[in-house]
Amino acid sequence: MGLGWNVDVKCGVHNHGLPDRLEGHVFVGRLNTYEKQHVVDLTKRHVLPRHILISLKERDPENVTRITQVYKHKSVIEKEIRSPRSEIQYLLKLIEDANVYWSRKRDDSEVVRDIFSAYPD
């Protein structure tokens with residue numbers, strides 16, 4: 001025989017039954033439309049992802065969503081808010097909108113050299 005793995009099948013039947021819950025399975029744990037909207041609402045209120053997950057499980061005890069699905073949907077929401085901007089471009093836009101910044105650029109270019117921001121109060 002060659003190098004590597006060798007599989008010898010004694011019996012082609014599983015030695016265990018099907019699980020009662022498919023917890024952790026990506027397809028079963030995905031968020032439905034109602035749950036996605038709930039994540040959006042709580043994200044707008046700056047609720048932590050772990051508390052969002054607890055809220056989802058309190059609403060539906062049979063819910064098998066994992067924290068990774070909540071984080072993934074939060075990421076989608078944040079990307080929609082930012083539009084095509086990168087995270088730093090969006091931050092600079094927020095600072096400009098608040099009118100609490102000062103910056104310098106390199107001569108004859110659009111490269112930011114220094115930036116200073118302060119909270120208005």
Side-chain angles (χ1 to χ4, degrees):
M1 295 196 129
L3 298 173
W5 290 91
N6 185 20
V7 177
D8 187 17
V9 178
K10 302 270 184 196
C11 176
V13 180
H14 283 279
N15 61 357
H16 58 83
L18 293 174
D20 294 335
R21 295 179 61 172
L22 295 173
E23 189 167 355
H25 193 278
V26 176
F27 182 77
V28 176
R30 70 181 182 197
L31 298 168
N32 63 32
T33 307
Y34 173 74
E35 292 168 337
K36 286 181 181 180
Q37 186 58 46
H38 187 63
V39 172
V40 169
D41 295 340
L42 293 179
T43 299
K44 286 180 181 177
R45 291 178 177 83
H46 305 289
V47 176
L48 295 173
R50 62 184 162 150
H51 295 300
I52 294 173
L53 182 62
I54 290 169
S55 175
L56 289 171
K57 295 206 182 249
E58 284 175 352
R59 288 172 171 242
D60 180 13
E62 297 296 316
N63 188 322
V64 292
T65 301
R66 307 285 283 197
I67 193 73
T68 54
Q69 277 92 6
V70 175
Y71 274 111
K72 285 178 185 177
H73 193 61
K74 266 190 75 156
S75 175
V76 168
I77 295 166
E78 290 165 356
K79 284 181 184 176
E80 288 174 359
I81 291 170
R82 281 196 323 256
S83 302
R85 296 181 184 96
S86 69
E87 291 176 0
I88 193 69
Q89 288 171 330
Y90 187 67
L91 173 65
L92 292 173
K93 178 198 174 300
L94 291 176
I95 291 171
E96 279 182 19
D97 292 349
N99 225 3
V100 291
Y101 81 102
W102 172 83
S103 67
R104 284 191 304 190
K105 295 181 182 177
R106 289 197 175 158
D107 299 333
D108 301 330
S109 76
E110 289 295 311
V111 176
V112 175
R113 185 171 155 198
D114 301 306
I115 187 164
F116 175 78
S117 175
Y119 193 73
D121 293 338

Quiz item: Among the clusters formed by ILVMFWY side chains lying less than 4.5 Å apart, do I52 and Y71 turn up in the same one?
Solution: yes

Exercise. Mark yes or no for whether Q89, through its side chain, and S86, through its backbone, hold a donor-acceptor pair below 3.5 Å.
Key: yes

Exercise. Is it possible for you to say whether L92 and L94 belong to one hydrophobic cluster, with membership spreading through side-chain heavy-atom contacts below 4.5 Å?
Key: no

Practice problem: Please list, chain by chain and in numerical order, all residues satisfying salt bridge (Lys or Arg N to Asp or Glu O under 4.0 Å) with E87, sequence neighbours excluded. | Solution: R82

Quiz item: Can you name the nearest heavy-atom pair linking T65 to L53, along with the distance?
Solution: O-CD1, 3.4 Å

Exercise. Report yes if the side chains of L42 and H51 come closer than 4.5 Å at any heavy-atom pair, otherwise no.
Key: no

Quiz item: So, does K57 use its side chain to make a donor-acceptor pair with the main chain of N63 at under 3.5 Å?
Solution: yes

Self-check item: Contacts of type salt bridge (Lys or Arg N to Asp or Glu O under 4.0 Å), residue K79, not counting sequence neighbours
Solution: none

Quiz item: Can you get from I81 to I95 by hopping between Ile, Leu, Val, Met, Phe, Trp and Tyr side chains that sit under 4.5 Å apart?
Solution: no

Exercise. Applying side chain to side chain contact (heavy atoms under 4.5 Å, CB included), run through V70 and L56 and close with a yes or a no.
Key: CA-CA 10 Å; V70 175; L56 289 171; 4.2 Å; yes

Exercise. Report yes or no: does Q69 contribute a side-chain atom to a donor-acceptor pair with the main-chain N or O of R66 at less than 3.5 Å?
Key: yes

Exercise. Look at the side chain of E80 and the backbone N and O of I77, then say whether any donor-acceptor pair between them is shorter than 3.5 Å.
Key: no

Quiz item: Does a sphere of radius 6.0 Å around NZ in K74 hold more than 12 heavy atoms from other residues, nucleotides or ligands, not counting ones at 6.0 Å or beyond?
Solution: yes

Quiz prompt | Main-chain N/O of V39 paired to T43 side chain as donor or acceptor, under 3.5 Å | solution = yes

Practice problem: Tell me whether L31 is reachable from I54 by hopping between hydrophobic residues (I, L, V, M, F, W, Y) whose side-chain heavy atoms are closer than 4.5 Å. | Solution: no

Quiz prompt | Distance in Å, L91 CG paired with E96 CD, rounded so as to fall on 0.5 Å steps | solution = 10.5 Å

Quiz item: Among the clusters formed by ILVMFWY side chains lying less than 4.5 Å apart, do I67 and L48 turn up in the same one?
Solution: no

